[in-house]
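Before any comments, here is the structure.
Only heavy atoms go into these numbers, but all of them, side chains included; no hydrogens, no water, no symmetry mates.
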Amino acid sequence: MKRIAMIAFILGILMATLAYVAEVNDWNGLPEYLTVGFAGYVLIISATAYYLTTILYEWSRETETWQGEL
């Protein structure tokens with residue numbers, strides 16, 4: 001799952017960059033590129049949320065084992 005999240009993160013960055021370049025260069029079909037950019041932002045946010053929740057889950061497990069040793 002971590003590999004899928006990393007691929008989604010990188011793909012999201014590429015999609016958002018493409019939308020930015022399309023906007024700066026005023027390409028034809030701008031609304032389509034902006035839609036691609038929005039999907040890229042969604043992928044970036046989703047992958048980041050997955051990694052952050054994974055880190056929080058691992059930290060919470062470490063706390064439970066520490067409390068169990070007392």
For Val24, which fellow cluster members are found when Ile, Leu, Val, Met, Phe, Trp and Tyr are connected by side-chain heavy-atom distances below 4.5 angstrom, either directly or through intermediates?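 In the cluster with Val24 are Tyr20.
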Within-4.5 Å side-chain heavy-atom neighbours: Phe9 and Ile13: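 Sidechains of Ile13 and Phe9: in contact.
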Output a table of donor-acceptor pairs, distance under 3.5 Å, between side-chain atoms of residues 33-52 and any protein atom two or more places apart or on a different chain; print 'none' if there are none.
from	atom 1	to	atom 2	distance (Å)
Thr35	OG1	Pro31	O	2.9
Ser46	OG	Val42	O	2.8
Thr48	OG1	Ile44	O	2.8
Tyr51	OH	Lys2	O	2.7

State which residues pass side-chain contact (heavy atoms from CB on, under 4.5 Å) with Asn25; sequence neighbours excluded, sorted by chain then number.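 Asn25: side-chain contact (heavy atoms from CB on, under 4.5 Å) contacts with Val21, Trp27.
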Under 4.5 Å between side-chain heavy atoms, counting indirect links through other Ile/Leu/Val/Met/Phe/Trp/Tyr residues: same cluster for Leu18 and Leu11 or not?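 Same cluster.
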From CD (Glu58) to CG (Leu56), nearest 0.5 Å: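 Output value for this atom pair is 9.5 Å.
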